[in-house]
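In listed order, ligands and their atoms are each counted from 1.
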Amino acid sequence: MKTIQVNTGRPYRIQIGSGLLDQAPALIAQAYGDRRPRLAVITDDTVDQFYGDHLTALLERAGYPVCKFVFPHGEQSKNLQTVHAVYGFLSENGITRTDVMVALGGGVVGDLAGFAAATWLRSVDFIQIPTTFLSMIDSSVGGKTGVDIPQGKNLVGAFWQPSLVICDPSTLDTLPAVYFSDGIAEAVKYGAILDDSLFRLFEEGRLREQLTEVIARCIDLKRLVVEQDERDTGLRQQLNFGHTFGHAIEKQAQFTITHGQGVAIGMVLISHASERAGLTPSGTADRIRSCLWQYGLPTSTDYPIGLLCQNAMGDKKRSGSKIKLVVLERIGQATLHPVDTDRLLSFMTEESDA
Ligand code: NAD
Ligand code: GLY
């Protein structure tokens, strides 16, 4: 088992290791001592079929009172209606401030349950048990929680760090390939913005052979960033590489395109534009495209760039009349590049006159 300590305002441990789900009661006991808080497990219907009953049985056997809420899988559930249903469930089960919520599932479950935990009774503890590659390396770490509203993705949320993360790569055995690829987009992102050797490992197709090490490396990279900028005011925004247009594509496709697919296309789009603007070495976008391609990720879209720029105006990275784009200075190093919103379309389409 590998342990990564995250020193945010509320510090916590991330435990990584194959088979760790079975050790959840012991890991929770390490975090909470002799106390046996009531555990409110939140999961989706797919994850529930594989791991829901198994986890609740383990926890009950260890003496924890457990209740479980299951909602339909998919991004379409990541909204305030589902959060209201969770509040109803927490109320019915008498969940108090000394109890703990447990998010068992992918990024949708983690973001939604985390937001419910951040807001129920003005915050209760929550534990993340991520079961997708994406949620292991990204969404379960760093405390961003939230839901989508019709105006855009993740527009309502809160920063609320988990009290423990239990990351068991063996749960990925049941994850369909398309969702595994989603996580690869975020992993390639870490390499592109922070670690050129990690990027080369992906380029060389060595991800599967070093899966647990890659998960731990990605988590550690995110830890480094989040510890320096927990509230997303500077450095952390680099983690949004590919996300401005990724979110715009997801929204335009009414979430029929997954988050990872959107991010994959977004990284290629922005890198082409920043190459044209002379900010990124030429050939970078093609390297990213080839890398993503070998993992079956899409790298282009038929949506007109004008439409995507309009969608991007609602992005969280916008502040006043500027939108902060994340561009690569080279593979392994990123920077924020503010662009006037009325210049966004020309930035994305025009050749540099420099
Ligand atoms: P997801 O949670 O929708 O999971 C994908 C699918 O896989 C779902 O149908 C789920 O039921 C199924 N599944 C999950 N684990 C499984 C398993 N082990 N076996 C079989 N099926 C399984 O999607 P995701 O890619 O994990 O997360 C995407 C979400 O994460 C988006 O909403 C995105 O905005 C969010 N996100 C948040 C952050 C953050 O920092 N909070 C970062 C990146 C992404
Ligand atoms: N996934 C972006 C962040 O956590 O900041």
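Residue-ligand proximity, D44 to ligand 1, at heavy-atom distances under 4.0 Å covers atoms 10 (C), 11 (O). Counting the atoms of ligand 1 from 1 in the order shown, those under 4.0 Å from a heavy atom of T132 are 4 (O), 14 (C), 15 (N), 24 (P), 26 (O). Below 4.0 Å from some heavy atom of K78 lie the following atoms of ligand 1, by number and element: 31 (C), 32 (O), 33 (C), 34 (O), 35 (C). Ligand 1 places these atoms under 4.0 Å from at least one heavy atom of T174: 17 (C), 18 (N), 19 (N), 20 (C). Every atom of ligand 1 with a heavy atom of T46 under 4.0 Å away is listed here by number and element: 11 (O), 21 (N). Contact atoms of ligand 1 toward K144: 40 (O), 41 (N) (distance under 4.0 Å to a heavy atom of the residue). Near K153, meaning under 4.0 Å from any of its heavy atoms, are these atoms of ligand 1: 31 (C), 32 (O), 33 (C), 34 (O). Near F50, meaning under 4.0 Å from one of its heavy atoms, ligand 1 places the atoms 20 (C).
The closest protein non-hydrogen atom to atom 1 (N) of ligand 2 is D138 OD1, 3.2 Å. Looking at atom 4 (O) of ligand 2, its nearest protein heavy atom turns out to be K222 NZ, 2.6 Å.
Not a single heavy atom of E186 sits closer than 4.0 Å to an atom of ligand 2. For Y51, the heavy-atom gap to ligand 1 drops under 4.0 angstrom. Residue contacts with ligand 1 do not include Q76, since none of its heavy atoms lies under 4.0 Å from the ligand.
The aromatic rings of F133 and F180 lie parallel to each other, their planes meeting at an angle below 30°, with 60° marking the opposite boundary.
At a cut-off of 3.5 Å, with distance as the only test, a side-chain donor of Q261 or T258 sits close to an acceptor on the other residue. For the residue pair T244 / N240, no side-chain donor-acceptor distance below 3.5 Å is found, with atom types taken as modelled. There is no side-chain donor-acceptor pair under 3.5 Å between Q76 and Q254. A donor-acceptor contact closer than 3.5 angstrom is absent between the side chains of T171 and D168. No side-chain donor from either of T43 and Y51 sits under 3.5 Å from a side-chain acceptor of the other. No hydrogens or angles considered: nothing links the side chains of K144 and N154 as a donor-acceptor pair under 3.5 Å. A donor and an acceptor atom, one from each side chain of Y32 and D125, are located under 3.5 Å apart.
Contact annotation: for Q261 versus ligand 1, there are no heavy atoms closer than 4.0 Å. Of all the heavy atoms of L134, the ones lying under 4.0 Å from any atom of ligand 1 belong exclusively to the side chain. When non-hydrogen atoms are compared, ligand 1 lies under 4.0 Å from neither the backbone nor the side chain of T145.
For the pair R10 and W160, the cation sits on the ring face: its NZ or CZ lies under 6.0 Å from the ring centre, inside 45° of the axis.
Every N/O-N/O distance between D232 and ligand 2 stays at or above 3.5 Å. Below 3.5 Å of separation, one finds an N or O of K144 facing an N or O of ligand 2. Residue contacts with ligand 1: T171 is placed with a nitrogen or oxygen under 3.5 Å of a nitrogen or oxygen of the ligand (distance criterion only). Checking only distances, T131 does come within under 3.5 Å of ligand 1, N or O to N or O. In terms of polar-atom proximity, defined here as any N/O pair under 3.5 Å, V141 makes no such contact with ligand 1. The shortest N or O to N or O distance between V108 and ligand 1 is under 3.5 Å.
Using a 4.0 Å cut-off between a side-chain N of Lys or Arg and a carboxylate O of Asp or Glu, E250 and K153 qualify as a salt bridge. Ionic pairing of E186 and K189 is present here: one or more N-O contacts between side-chain nitrogen and carboxylate oxygen are shorter than 4.0 angstrom.
Here the side chain of Q294 pairs a donor or acceptor atom with the backbone of F202 at under 3.5 angstrom. Using modelled atom types, one side-chain atom of S77 and one backbone atom of P72 make a donor-acceptor pair closer than 3.5 Å.
Among H73, E75, Q49, the residue whose heavy atom lies closest to atom 32 (O) of ligand 1 is E75.
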